[in-house]
Amino acid sequence: MQEEHEIRRSYGLQTAGSKGVAGRKRYAMVIDLRKCIGCRSCMVACKAEFGIPLGVWRTWVKEGDKGSYPNTRRIFMPRLCNHCDYPVCVRNCPTQATFKHKDGFVLQRYNRCIGCRTCMVACPYNARHLIPAKRTDKNLPTMVVDKCTFCIHRVKKGLVPACVQACVGGARIFGDMNDPNSEVAKLASKETLTVLKPELGTSPSVSYIGGDWELMDEPHSYTNRSKYMKEEFNTFKRNHKGDAFGDIVEGEPTMPQVGQNMVGFLNTIPHKAKGVYDAFVNFLFK
Amino acid sequence: MDESTITYNVFHHVAWGTTISVYFWLVGASAGSFVISSFGWVFGIKRYKPLALTASITAIFMLMLVPILLIWDLGKPLRFLYLMLPGYWHATGPMSWGTALIFSYPIAMIIYTYFVFKNNPFWAKTIGIISIILALSTHWYTGVVMELNPGRFLNHTALAPLLFLTGAFISGIGLLILILWVQNMIVAIKNRIEWTLIEEMAQYMMYGLVFDAFLLFLDFMQTLYGSNSEVMGHEVVLMGIFRFPYLWLEMVIGLIVPFFILVTPLKKFKAGIILAALLVAVGVYGMRVWWVMGGQYLQTFY
């Protein structure tokens, strides 16, 4: 009955979401925040699995302090791509570089990505990043958008994603939500699950048990940052000028920074032009 | 204390920045100039014919800079070709529509300018109609490409294309007035554009300013009475980090001051109109800055 009334939307030219569709898999992750201890093993495992460069993350653990002494508690919320059933990033990508896999994965094709960052703007969850221009291994892609793959290469071999494997508290549970016998489906049927930004209608495949609204709320992340976080943010923005051209350091005049961003953009042109030249040389003479 | 303090998070970049805001401004100025150019040849207002060529050349020049910015802003510049290849083109992506528009609009405009130059009324009007549709669509797209991101609460409003088109109209006229003023100083007396015509354009600009103020008021009300994110976006982003481009550059410098000039006797002075045109053209850039970067700013903490 529920299925009949569910609005079926196809976001983009690729596969529509598989939520509750018989005969199809819908890989999903449930994160039990009661078990998360904030050790960040998942972040390390993900970095190691894919060789993620410095300054960007496919998964991370947000952290906050609740209350005041003696009634206080530290809370955590691991974040990653939500592998939405209706992904805005897929719909908005102009070159079909990102697509929805029939089993629920939202994946990125580096060879199609032009680095326009439309998907990054479209993603409501900050789950995407641009790979920096300089990487230690020259064979790995640069200046294209990257994201969590739900470790499809492992899942297709019957393994769980690296972050799930590494989770010491067993907080991350992974499986096929369409299979009633899977652990995630059982959890979904007996626990109260929440997702991030449900009002956007993206139907995320990552859900949380015991989520705290203050960590899940977007404006709260800004207004209730610690003093240390504010300084860290400005340091991040100052140190990464040139990776993006829209970063503004808080508390400093805006328009001079806009000018600096433009200079930063102009400075990247010779580097990019060399890439274009190399591509022509490779195409014509090699 | 019930509220929590966020003690750790990773930070994110604002994906579209200054380059995109400059591009939005250039496309707007181009579309606005082109609308003026079409007054004479498409809409049949004969007194505008003398400035059609200058206006359309300004529009072409503005638009020529756009691909340079956009292509070099890509992570992989050479792959801009993918945007036009059938196997890659993605019909649901707003940027795909934009690509079609950005490449077809200048071509139509160049053909139109050629017929204006050759003094061919039939073809100038025919191609002019197509060009003006493309001009408006190209700038409509710049509003839409930011609007169709439900997660960006400050951009996700149906007012976006209207705000952009109005900004385009006024900034295009502002820029054109400046160019015509310079042109009048250079060319021979017989080729000069009549000052009354420029005054009339300034009058159109004033109407545009009123409509722009109305749209900004609507947007202000939406953010003020909106969701938590919208209210915070207004308080933190527009009145906080982006206070200068939003409040001072757009509202005061680009709207209130030129409006004051254009409704008072100051408009009778040449310097008054030139100053108003300059302020409007600069002020609209303030809107482009907060629209592009401000909409993404708050989410970089999330």
Side-chain angles (χ1 to χ4, degrees), chain A residues 12-13 57 60 62-68 75 88 91-96 112 114-118 120-124 126 130 143-144 197 200 212 214-215 217-219 221-226 229 233 236 240 243-248 250 253-255 258 261-262 265 269 272 276 279, chain B residues 1-22 72-80 82-83 88-96 99 145-146 148-152 228-229 232 236 241-245 249 289 292-293 296-302:
Chain A
L13 296 177
W57 298 266
W60 66 98
K62 201 172 167 181
E63 185 180 305
D65 286 339
K66 265 181 93 73
S68 53
I75 48 176
V88 191
R91 181 182 63 182
N92 283 15
C93 175
T95 58
Q96 303 183 40
R112 274 178 174 257
I114 62 173
C116 68
R117 311 184 293 285
T118 303
M120 290 169 67
V121 178
C123 177
N126 286 333
L130 191 73
M143 295 304 275
V144 288
K197 299 185 180 179
L200 294 178
D212 189 282
E214 288 170 333
L215 278 182
D217 187 48
E218 185 177 308
S221 307
Y222 176 85
T223 47
N224 288 44
R225 284 173 299 155
S226 66
M229 282 270 291
F233 174 78
F236 171 80
H240 289 81
D243 285 356
F245 314 112
D247 287 334
I248 302 291
E250 207 176 342
T254 310
M255 293 313 282
V258 172
N261 286 343
M262 196 63 200
F265 161 71
I269 290 181
K272 287 181 181 172
V276 171
Chain B
M1 194 177 80
D2 290 321
E3 285 187 322
S4 63
T5 307
I6 311 295
T7 49
Y8 177 81
N9 199 1
V10 302
F11 304 113
H12 309 274
H13 293 295
V14 169
W16 285 351
T18 310
T19 330
I20 305 299
S21 66
V22 173
W72 290 111
D73 190 56
L74 294 176
K76 298 281 183 191
L78 208 55
R79 291 190 186 177
F80 80 94
Y82 289 3
L83 291 163
Y88 288 80
W89 200 75
H90 193 200
T92 58
M95 194 177 272
S96 308
T99 309
V145 75
M146 298 292 295
L148 299 184
N149 297 306
R152 308 284 168 182
N228 187 18
S229 296
M232 286 302 298
V236 171
I241 316 296
F242 288 86
R243 180 191 282 259
F244 185 80
L249 200 55
V289 168
V292 175
M293 297 185 222
Q296 302 171 66
Y297 185 80
L298 207 57
Q299 207 184 83
T300 58
F301 299 91
Y302 182 50

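- With a 4.5 angstrom heavy-atom cutoff, A:M255 touches chain B only via side-chain atoms.
- When all heavy atoms are compared, the tightest approach of A:V121 to B:N149 is CG1-ND2, 3.5 Å.
- Closest heavy-atom contact between A:E250 and B:F301: OE1-CZ, 4.2 Å.
- Heavy-atom distances place both the backbone and the side chain of A:I248 under 4.5 Å from chain B.
- Within the 4.5 angstrom heavy-atom criterion, only side-chain atoms of B:Q296, from C-beta onward, approach chain A.
- Per-residue counts of heavy-atom pairs under 4.5 Å with chain A were compared for B:G151, B:G17, B:S21, B:G75; the largest is that of B:G75.
- The residue among A:V276, A:I75, A:D247, A:L130 with the most heavy atom pairs within less than 4.5 Å of chain B is A:D247.
- Contacts between A:F236 and chain B at a heavy-atom distance below 4.5 Å involve the side chain alone, from C-beta outward.
- Per-residue heavy-atom pair counts under 4.5 Å with chain B were compared for A:G64, A:P124, A:P219, A:S221, and the maximum is reached by A:P219.
- Contacts between B:V10 and chain A at a heavy-atom distance below 4.5 Å involve backbone atoms as well as side-chain atoms.
- No other option in A:A279, A:P253, A:C123 has as many heavy-atom pairs under 4.5 Å with chain B as A:C123.
- Of the candidates A:W57, A:F233, A:W60, A:Y222, A:F233 is the only one forming a ring pair (Phe, Tyr, Trp, His ring centres under 6.0 Å) with B:F11.
- The main-chain N or O of B:W89 is found under 3.5 Å from a side-chain atom of A:Q96 such that the two form a donor-acceptor pair.
- Heavy atoms closer than 4.5 Å to chain A are found nowhere in B:V145, neither backbone nor side chain.
- Using a distance-only test at 3.5 Å, with no hydrogens or angles considered, a donor-acceptor pair links the side chain of A:T254 to the main chain of B:I241.
- Ring pair B:F242/B:Y297 is perpendicular by interplanar angle, where above 60° counts as perpendicular and below 30° as parallel.
- Of the two parts of B:L249, only the side chain, counted from C-beta on, holds a non-hydrogen atom closer than 4.5 Å to a non-hydrogen atom of chain A.
- Judged by distance alone, with hydrogens and angles left aside, the side-chain atoms of A:R225 form no donor-acceptor pair with the main-chain N or O of A:T223 at under 3.5 Å.
- Because its NZ or CZ atom is both nearer than 6.0 Å to the ring centre of B:Y88 and within 45° of the ring axis, A:R112 counts as a cation-pi partner of that residue.
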